[in-house]
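Written out below as structure tokens is the structure these notes cover.
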Amino acid sequence: MRISFCCSDTKPQPWVDGLKAAFPDAEVSLWSAGAEPADYAVVWMPPQQFFDEQLKLKGIFNIGAGVDALMKLRLPAGVPVVRLDDAGMSVQMAEFVCHAVIRHFREFDGYEADVAEGKWSYRKPRLRTDYPIGVMGLGVLGERVSRALAQFDFPVNGWSRSPKAIEGVQCFSGDVGGQGFQDFLAASRILVCLLPLTSETRGIMNMDTLSRLRTGGYVINVARGSHLVDGDLITLIDNGHLAGATLDVFHVEPLPADHPFWKHPKITVTPHTSARTLREESIAQIAGKVRAVERGERVAGIVDPLRGY
Ligand code: NAP
Ligand code: GLV
């Protein structure tokens, strides 16, 4: 069996070494133009040339949860694309989002500012019932995040395309713009985006949808930058409808030095780090799935090219 590794933005050698250890009988190599055809590809944002040349693939394994970069390419017809299915990401995402929510809800920014001025001052405790949280996307990550938030007794709403039942979470479903979506937004004050980026979800956080959140709303985007219309967020923060945002993902990454998000006092920026790909867990998951595919079994995490996730 031949496995080709082709990832931009990732130090390749530890991956190649890890894949060699997981597949002792396979030939594992770092892809270069003109390389021999492989059976399986392990990729992250590969160039189109990779797929134009690799014509014998039996499976494409993405070393991330989101496949939006892959879906923009011409992929070989009928070859399954398999995304990471948690692989240690959901616990990271839960801790990141809980931290962002609690930091906002408990006003830690305000306390830090007070302490910096040597002030010992209390703020009036806020009521959880005044801070209902809406999680868009109830897949592998969104479900874990909404359960974690519910553990802190926040009212949690969730929205997904198909109906779900999650203990402690009021679940809404349906299409973007449909009644379920409108009801979900109206019931939420803090909005967390954990959707895949598709033609339906691009720009989903915009003037219209963010205006539907309760006044004093707060946005946490941990999915993709293109889910958000940046200028609409800034307008709604500056006019007081929204209290602020924590943003981990951006239209262009790294976030350009002159982007207004960097210096906005009510926006917290992190460098696309809310849930990192963990190499060992990911290789173990991919190795298990390649073996299952070789046995003719169906594996979890196969992307539906029509849905785009
Ligand atoms: P997933 O398991 O595929 O879940 C996606 C969820 O979104 C599902 O609940 C799905 O609904 C829902 N959804 C998709 N399209 C929709 C639509 N048009 N309307 C309503 N709901 C829709 O994905 P995941 O593993 O949770 O990952 C989610 C995203 O997180 C990834 O695509 C990636 O972009 C992002 N991510 C970011 C980081 C980071 O570090 N910032 C790390 C990992 C992942 P159904 O359940 O009905 O299909
Ligand atoms: C990271 O953003 C991922 O999609 O895994």
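For ligands, and for the atoms within them, numbers begin at 1 and follow the listed sequence. What you see below is based on every heavy atom in this structure, not just the backbone, and it leaves out hydrogens, waters and symmetry mates.
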Which residues, ordered by chain and number, are linked to Ile60 in its hydrophobic cluster, where ILVMFWY side chains connect at heavy-atom gaps below 4.5 Å, directly or through other members? Trp31, Val43, Phe50, Phe51, Leu57, Val67, Leu70, Met71, Leu73, Leu75, Val79, Val81, Val303
Residue pairs, two or more places apart or on separate chains, that pass side chain to side chain donor-acceptor pair (under 3.5 Å) and touch residues 184-199: Asn157-Ser188, Thr198-Thr201
In this structure, are over 12 heavy atoms from other groups packed under 6.0 Å from Lys266 atom NZ? no
Across all chains, not counting sequence neighbours, the salt bridge (charged side-chain N to carboxylate O under 4.0 Å, His left out) partners of Glu281 are none
A student checking ligand 1 against Val222 at a 4.0 Å heavy-atom cut-off should list atoms 36 (N), 37 (C), 38 (C), 39 (C), 41 (N)
Per-atom contacts, ligand 1 versus Arg307 - under 4.0 Å to a heavy atom: 48 (O)
Heavy-atom proximity to atom 22 (C) of ligand 1 ranks first, among Asp85, Leu195, Val249, for Leu195
Should you measure from each heavy atom of Lys164, which atoms of ligand 1 turn up under 4.0 Å away? 45 (P), 46 (O), 47 (O)
Looking at ligand 1, does any of its N/O atoms fall within less than 3.5 Å of an N/O of Gly139? yes
Counting only heavy atoms from other residues, nucleotides and ligands, does the tally under 6.0 Å from CD of Glu253 exceed 12? yes
If we only count N/O pairs under 3.5 Å, is Ala275 in contact with ligand 1? yes
What atoms of ligand 1 come within less than 4.0 Å of a heavy atom belonging to Ser274? 39 (C), 40 (O), 41 (N)
Hydrophobic clusters here meaning ILVMFWY residues chained together by side-chain heavy-atom distances under 4.5 Å, can you tell me if Leu228 and Trp159 are in one? yes
Once you measure the plane-to-plane angle for Phe184 and Phe181, does it fall in the parallel (<30°), tilted (30-60°) or perpendicular (>60°) bin? parallel
Mind checking whether Arg161 has an N or O less than 3.5 Å away from an N or O of ligand 1? yes
Between the protein and ligand 2, are there any N or O atom pairs that come within less than 3.5 Å of each other, and if so, what are their names and distances?
from, atom 1, to, atom 2, distance (Å)
ligand 2, 2 (O), Arg224, NH1, 2.8
ligand 2, 2 (O), Arg224, NH2, 3.4
ligand 2, 2 (O), His272, NE2, 2.6
ligand 2, 4 (O), Ala65, N, 3.4
ligand 2, 4 (O), Gly66, N, 2.8
ligand 2, 4 (O), Arg224, NH2, 2.8
ligand 2, 5 (O), Ala65, N, 2.7

Which of the numbered atoms in ligand 1 are under 4.0 angstrom from any heavy atom belonging to His272? 39 (C), 40 (O), 41 (N)
Please confirm whether Arg224 comes within less than 3.5 Å of ligand 1 when only nitrogen or oxygen atoms on both sides are compared. yes
Hey, what's the ring geometry for Trp15 with Phe5, parallel, tilted or perpendicular (30° and 60° as the breaks)? parallel
Considering only heavy atoms of Leu138, which atoms of ligand 1 have at least one such atom less than 4.0 Å away? 6 (C), 8 (C), 9 (O)
Options Gly137, Ser199, Pro196, Gly142, ranked by nearest heavy atom to atom 5 (C) of ligand 1, top entry: Pro196
Numbered atoms of ligand 1 (with element) below 4.0 Å of Gly66, judged on heavy atoms: 31 (C), 32 (O), 33 (C)
Taking atom types as modelled, is there a side-chain donor on Tyr218 or Thr246 under 3.5 Å from an acceptor on the other? yes
One pair to check against side-chain contact (heavy atoms from CB on, under 4.5 Å): Ile63 and Cys7. What are the steps and the verdict? CA-CA 9 Å; Ile63 59 166; Cys7 298; 3.7 Å; yes
Check whether any N or O atom of Arg83, backbone or side chain, sits under 3.5 Å from an N or O atom of ligand 1, and answer yes or no. yes
Sub-3.5 Å N/O-N/O distance, Val140 and ligand 1: yes
